[in-house]
Visitor: 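There's a structure below that I have some questions on.
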Amino acid sequence: MFGCLVAGRLVQTAAQQVAEDKFVFDLPDYENINHVVVFMLGTIPFPEGMGGSVYFSYPDSDGIPVWQLLGFVTNGKPSAIFKISGLKSGEGSQHPFGAMNIVRTPSVAQIGISVELLDSLAQQTPVGSAAVSSVDSFTQFTQKMLDNFYNFASSFAISQAQMTPNPSEMFIPANVVLKWYENFQRRLAQNPLFWKT
């Protein structure tokens with residue numbers, strides 16, 4: 001029903017079913033994992049009105065599992081990427097895996113999926129640092145490049161009174177650069193791949 005993927009590792013599709021509505025994946029060597037992808041395999045959908053809350057569990061210094069809510073997957077949102085690298089020092093939250101007798105190894109973390117009502121999922125609050133930015137790295141790079149170019153060009157702005165005539169140099173009014181900058185930002189926000197057309 002579910003799959004779990006960590007960069008540089010084989011895809012896991014054999015979740016351990018620990019209860020009728022609960023599944024876990026082991027994440028060995030979790031200290032070296034930054035992001036994890038949880039997805040539905042597409043073979044068995046959730047029952048109508050149901051979805052899966054996704055939890056991350058790691059052993060604290062005493063070996064006791066600390067569970068943190070990452071987010072959820074549903075039939076309408078069958079996959080999600082979660083950043084787990086910053087969670088290892090955080091505090092745990094309420095979770096449905098407390099009474100489970102799940103076999104654990106000290107250096108192994110787990111991803112837990114609990115099948116729950118969609119209404120219940122909507123009321124849950126995941127840990128804030130688990131969400132992966134919805135802005136991809138190309139869009140971030142482009143935005144930073146635009147900001148850098150605009151700031152660089154603006155640092156040379158002078159008034160018309162400060163200009164010294166020089167027939168070999170061309171000048172571009174700062175408002176033209178600002179207009180281009182604003183138009184490019186708007187188009188990038190509407191469609192990050194607009195430049196391909």
Side-chain angles (χ1 to χ4, degrees), residues 2-12 25 27-40 51-58 66-74 76-93 109 111 113 121-122 124-197:
F2 303 106
C4 181
L5 175 65
V6 173
R9 299 185 184 186
L10 293 173
V11 175
Q12 294 185 51
F25 289 101
L27 297 177
D29 192 27
Y30 71 95
E31 296 90 348
N32 296 314
I33 298 174
N34 290 319
H35 295 84
V36 63
V37 179
V38 176
F39 57 94
M40 296 176 63
S53 56
V54 180
Y55 292 84
F56 173 63
S57 170
Y58 64 95
V66 177
W67 290 90
Q68 295 177 326
L69 177 64
L70 300 178
F72 61 90
V73 290
T74 65
K77 182 185 174 241
S79 65
I81 303 171
F82 302 106
K83 181 178 180 182
I84 62 171
S85 58
L87 302 179
K88 296 160 194 156
S89 60
E91 294 183 16
S93 60
I111 291 292
I113 302 167
L121 294 179
Q124 297 175 358
T125 306
V127 290
S129 55
V132 174
S133 171
S134 60
V135 178
D136 66 28
S137 59
F138 173 75
T139 303
Q140 284 181 318
F141 167 76
T142 305
Q143 187 65 46
K144 295 285 186 195
M145 182 184 68
L146 281 172
D147 292 342
N148 184 281
F149 171 73
Y150 179 75
N151 292 336
F152 177 78
S154 297
S155 72
F156 293 98
I158 56 174
S159 68
Q160 211 168 15
Q162 295 170 317
M163 290 177 64
T164 307
N166 186 346
S168 64
E169 287 186 35
M170 290 180 58
F171 290 92
I172 300 170
N175 67 338
V176 170
V177 175
L178 179 60
K179 185 176 179 181
W180 169 82
Y181 172 77
E182 290 169 346
N183 284 338
F184 200 95
Q185 279 189 313
R186 178 183 46 78
R187 292 181 71 192
L188 188 64
Q190 291 172 345
N191 177 9
L193 301 177
F194 81 91
W195 54 272
K196 286 189 169 186
T197 57

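Both backbone and side-chain heavy atoms feed into the values below; hydrogens, waters and symmetry mates do not.
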Visitor: Kindly compute the distance separating CG (Leu121) from CZ (Phe72), expressed to the nearest 0.5 Å.
Guide: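 Result: 6.5 Å between the selected atoms.
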Visitor: How long is the straight-line distance from CD of Gln68 back to OH of Tyr55, given to the nearest 0.5 Å?
Guide: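 One finds 11.5 Å between OH of Tyr55 and CD of Gln68.
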Visitor: Check whether any side-chain heavy atom of Leu69 lies under 4.5 Å from a side-chain heavy atom of Ser53, and answer yes or no.
Guide: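 Heavy-atom side-chain distance check passes, below 4.5 Å.
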Visitor: Can you tell me how far CD1 of Ile111 sits from OH of Tyr58, rounded to the nearest 0.5 angstrom?
Guide: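 Taking OH in Tyr58 and CD1 in Ile111, the distance rounds to 13.0 Å.
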Visitor: Taking the side chain as everything from C-beta on, heavy atoms only, tell me whether Phe25 gets closer than 4.5 Å to Val38.
Guide: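 Result no, sub-4.5 Å side-chain heavy-atom pair not found.
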Visitor: Please give me the minimum heavy-atom distance between Val177 and Ala153, naming the atom from each residue.
Guide: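 So the minimum-distance heavy-atom pair works out to CG1-CB, 4.4 Å.
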Visitor: Mind checking side chain to side chain donor-acceptor pair (under 3.5 Å) for Glu169 and listing every partner two or more places apart, or none if nothing turns up?
Guide: Asn166
Visitor: Taking atom CD1 as the centre, does Ile172 end up with more than 12 heavy-atom neighbours from other residues, nucleotides or ligands that are less than 6.0 angstrom away?
Guide: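 Atom CD1 in Ile172 is not crowded, with 12 or fewer foreign heavy atoms closer than 6.0 Å.
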Visitor: With Gln190, which residues qualify under side chain to side chain donor-acceptor pair (under 3.5 Å), at least two apart?
Guide: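 Gln190: no side chain to side chain donor-acceptor pair (under 3.5 Å) contacts found.
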Visitor: Partners of Lys179 by side chain to side chain contact (heavy atoms under 4.5 Å, CB included), sequence neighbours excluded?
Guide: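 Applying side chain to side chain contact (heavy atoms under 4.5 Å, CB included) to Lys179 gives Asn183.
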Visitor: Starting at CZ of Phe149, measure out to CZ of Phe184 and round the result to the nearest 0.5 Å.
Guide: 11.0 Å
Visitor: Apply ring-ring contact (aromatic ring centres under 6.0 Å, His included) to Tyr150 and list each qualifying residue two or more places apart in sequence or on a separate chain.
Guide: Tyr181
Visitor: According to ring-ring contact (aromatic ring centres under 6.0 Å, His included), does anything in residues 157-177 pair up with another residue at least two apart or in another chain? List the pairs.
Guide: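 Of all non-adjacent pairs touching residues 157-177, none passes ring-ring contact (aromatic ring centres under 6.0 Å, His included).
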Visitor: Which residues satisfy the side chain to side chain donor-acceptor pair (under 3.5 Å) test with Ser159, sequence neighbours excluded?
Guide: Gln162
Visitor: Show the nearest heavy-atom pair for residues Leu27 and Arg9, with the distance to one decimal.
Guide: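 For Leu27 and Arg9, the tightest heavy-atom pair comes out as C-NH1, 4.4 Å.
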Visitor: A side-chain contact here means heavy atoms from C-beta on lying under 4.5 Å apart; do Val11 and Phe39 qualify?
Guide: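 Val11 reaches Phe39 side chain to side chain.
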Visitor: Counting C-beta onward and ignoring hydrogens, is there a side-chain heavy-atom pair between Asp147 and Gln185 closer than 4.5 Å?
Guide: yes
Visitor: Only one of Val37, Asn34, Leu70 forms a side-chain contact (heavy atoms from CB on, under 4.5 Å) with Phe82, so which one is it?
Guide: Leu70
